[in-house]
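Accompanying notes for the structure given below.
Here, residue 1 is the first one in the sequence, and each next residue gets the next number. All values reported here derive from a predicted model rather than from experimental measurement.
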Amino acid sequence: MIDQARADQAYGHVCWSYDDPAAFDSRARQFVDEGLAAGERVWYVTAGDPTGRAAPRRPLAGLPADAPPGAVQVVALAQTYRGGARVDPSAQVDAYASVTEAALAAGYTGLRVVADVTPLVRTPAQLDAFARYEHLVDRYMRARPMSALCAYDRRKLGDRAVAELACLHPETNAPVLFRLFAADPGRAYALTGELDPSNHELFRQALSRVDPPGPDGRLVLRAAGLRYIDHRCLLHLDDHARRHGLTVELRTAGTAAAHLVELLGLSRVRVAGAR
């Protein structure tokens with residue numbers, strides 16, 4: 001069931017790239033405090049032993065005295081992401097959906113997750129599966145009261161891997177030029193920023209992780225926040241449409257994209273005014 005009020009609001013799905021653990025701790029604590037203030041249940045997901053003294057729980061030190069008992073739970077990474085070394089994207093969304101509904105049933109306003117998931121994206125296969133999961137859970141968060149701070153250690157992963165994940169989030173501190181994320185709980189996506197020769201391959205890869213369209217055969221990209229699109233990215237859209245037997249509707253206020261589509265003869269990409 002779609003929560004339309006939720007759909008009309010901003011939602012908190014943040015990709016946080018870090019090379020300074022203290023900076024991550026600070027951002028994580030801010031995220032936790034925001035969740036407690038909103039009456040949410042908070043899950044702090046750690047790769048360490050959540051019951052051990054050495055567990056990395058610095059952001060949870062000195063929680064507000066009025067925090068309800070059980071409002072903040074420390075959960076093991078292996079317990080939360082049960083697909084093993086390579087996450088099962090759909091199953092993981094279902095797992096978080098169950099936790100979200102349990103939080104609501106217990107009287108909380110939603111679920112808020114802080115998770116450093118660096119260990120789950122070390123190999124190309126892991127990265128591909130987890131990027132697909134990030135896309136699916138982003139759509140879920142657009143419809144239901146779940147939010148997440150997804151942390152990635154740039155020192156261990158490198159800039160390219162972080163960029164592949166960051167561009168699928170509505171919010172990030174990573175220096176990506178574009179973002180592709182859920183625009184509503186249905187099949188429309190938002191496309192913001194700039195698509196140029198430096199990132200057209202990243203855009204092609206991001207498209208490969210996007211769900212196929214609804215029964216009308218359209219992939220709708222709401223691109224009111226798109227400042228520039230290179231012809232290579234339009235070619236990627238057309239190729240994506242052909243491979244999946246669909247039509248891409250690019251909704252943007254600019255006229256340059258429409259002219260390029262006409263010049264390139266891209267029959268499967270339609271440019272419409274932003275709305």
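Looking at every heavy atom in both residues, Pro89 comes nearest to Leu136 through CB-CD1, 3.8 Å. Nearest heavy atom pair, residue Thr252 against residue Leu226, reads OG1-O, 4.3 Å. What you find for Ala257 and Ile229 is that their closest heavy atoms are CB-CG2, 3.9 Å. Summarising the geometry of Pro145 relative to Thr100, their closest heavy-atom pair is O-CG2, 3.9 Å, with the distance given to 0.1 Å.
Taking Arg232 as the reference, Asp230 meet the salt bridge (charged side-chain N to carboxylate O under 4.0 Å, His left out) condition, with sequence neighbours excluded. Remark: His135 pairs with Tyr189 by the ring-ring contact (aromatic ring centres under 6.0 Å, His included) rule, at least two apart or across chains. Listed by chain and residue number, nothing satisfies the salt bridge (charged side-chain N to carboxylate O under 4.0 Å, His left out) test with Asp20 (two or more places apart in sequence, or in another chain). Residues meeting the salt bridge (charged side-chain N to carboxylate O under 4.0 Å, His left out) test with Asp116, sequence neighbours left out: none.
Between Arg122 and Leu127 the shortest side-chain heavy-atom distance does not fall below 4.5 Å. At a threshold of 4.5 Å between non-hydrogen side-chain atoms, the residues Leu219 and His244 do not count as touching. Using a 4.5 Å heavy-atom cutoff, the side chains of Val45 and Gln79 are not in contact.
Here the CZ atom belonging to Arg179 is positioned 10.0 Å from the SG atom belonging to Cys167, to the nearest 0.5 angstrom. For the atom pair Leu250 CG and Arg222 CZ, the distance stands at 13.0 Å (nearest 0.5 Å). With rounding to the nearest 0.5 Å, the separation of OH in Tyr133 from SG in Cys150 is 6.5 Å. In this structure, the separation between NE2 on His169 and CG on Leu180 is 12.0 Å, given to the nearest 0.5 Å. Distance check, rounded to the nearest 0.5 Å: CH2 of Trp16 to CZ of Arg154 gives 10.0 Å. Note: Tyr18 OH to Asp25 CG = 8.5 Å, rounded to the nearest 0.5 Å.
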**Study point:** Full working for side chain to side chain contact (heavy atoms under 4.5 Å, CB included) between Arg227 and Thr192
**Key:** CA-CA 7 Å; Arg227 298 184 295 273; Thr192 66; over 6 Å; no

Exercise for review: Determine, stepwise, if the pair Thr80 / Leu77 fulfils side chain to side chain contact (heavy atoms under 4.5 Å, CB included).
Suggested key: CA-CA 5 Å; Thr80 308; Leu77 188 75; 5.7 Å; no

**Study point:** Stepwise salt bridge (Lys or Arg N to Asp or Glu O under 4.0 Å) test for Glu249 and Arg251
**Key:** CA-CA 6 Å; Glu249 183 176 308; Arg251 298 179 181 176; 2.6 Å; yes

**Study point:** Steps toward salt bridge (Lys or Arg N to Asp or Glu O under 4.0 Å) verdict (Asp19, Arg155)
**Key:** CA-CA 6 Å; Asp19 48 28; Arg155 299 166 302 176; over 6 Å; no

Exercise for review: Could you please spell out the steps behind the side chain to side chain contact (heavy atoms under 4.5 Å, CB included) verdict for Val114 and Phe24?
Suggested key: CA-CA 10 Å; Val114 176; Phe24 165 58; 4.2 Å; yes

Check your understanding: Passes side-chain hydrogen bond (donor to acceptor under 3.5 Å, both in side chains), Tyr81 versus Tyr96? Steps please.
Key -> CA-CA 9 Å; Tyr81 298 89; Tyr96 268 133; 3.0 Å; yes

Exercise for review: Mind running side chain to side chain contact (heavy atoms under 4.5 Å, CB included) on Tyr228 and Leu195 for me, showing each step along the way?
Suggested key: CA-CA 6 Å; Tyr228 176 79; Leu195 292 167; 5.7 Å; no

Side-chain donor-acceptor contacts of residues 201-209 below 3.5 Å, not counting sequence neighbours, with atom names and distances?
unit_1	atom_1	unit_2	atom_2	d
Glu201	OE1	Arg204	NE	2.8
Glu201	OE1	Arg204	NH2	3.0
Gln205	OE1	Arg160	NH2	2.7
Ser208	OG	Gln205	O	2.5
Arg209	NE	Asp128	OD1	3.2
Arg209	NH1	Glu164	OE1	3.0
Arg209	NH2	Asp128	OD1	3.2
Arg209	NH2	Glu164	OE1	3.1

Contacts table for residues 103-113: side-chain donor-acceptor under 3.5 angstrom, sequence neighbours left out:
unit_1	atom_1	unit_2	atom_2	d
Thr109	OG1	Ala38	O	2.7
Thr109	OG1	Gly39	O	3.2
Arg112	NE	Glu40	OE1	2.6
Arg112	NE	Ser147	OG	3.4
Arg112	NH1	Phe31	O	3.1
Arg112	NH1	Glu34	OE1	3.4
Arg112	NH2	Glu40	OE1	3.3

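Following chains of ILVMFWY side-chain contacts shorter than 4.5 Å, one cannot reach Leu168 starting from Leu120, and the two form parts of different hydrophobic clusters. Note: the hydrophobic cluster containing Val32 also contains Val74 (ILVMFWY, side chain heavy atoms under 4.5 Å, direct or indirect links). Under the 4.5 Å side-chain heavy-atom criterion for ILVMFWY residues, a single connected hydrophobic cluster contains both Val248 and Leu264. Both Tyr140 and Trp43 are assigned to one and the same hydrophobic cluster, defined by single-linkage of ILVMFWY side chains at heavy-atom distances under 4.5 Å. Placement of Met141 and Phe130 within a single hydrophobic cluster is found when ILVMFWY residues are connected by side-chain heavy-atom separations under 4.5 Å, directly or transitively.
Checked by atom type and distance alone, the side chain of Glu171 never pairs as donor or acceptor with a backbone atom of Leu149 at under 3.5 Å. The backbone N or O of Ala129 lies less than 3.5 Å from no partner atom in the side chain of Asp88, so there is not a single donor-acceptor pair. In terms of modelled atom types and a separation under 3.5 Å, the side chain of Thr118 and the main chain of Asp153 share a donor-acceptor contact. For Asp33 (side chain) and Gln30 (main-chain N/O), no donor-acceptor pair under 3.5 Å exists by modelled atom type. Using a distance-only test at 3.5 Å, with no hydrogens or angles considered, a donor-acceptor pair links the side chain of Arg268 to the main chain of Leu246. Between the side chain of Ser98 and the backbone N or O of Asp94 there is at least one donor-acceptor pair closer than 3.5 Å. A donor-acceptor pair under 3.5 Å is formed between the side chain of Thr172 and the backbone N or O of Cys15.
Between Arg242 and Asp238 there is a salt bridge, since at least one side-chain N of the basic residue sits less than 4.0 Å from a carboxylate O of the acidic one. For Arg142 and Asp138, the salt-bridge test fails: no basic side-chain N is under 4.0 Å from an acidic carboxylate O.
Classification of the His236-His200 ring pair by plane angle, with boundaries at 30° and 60°, yields parallel.
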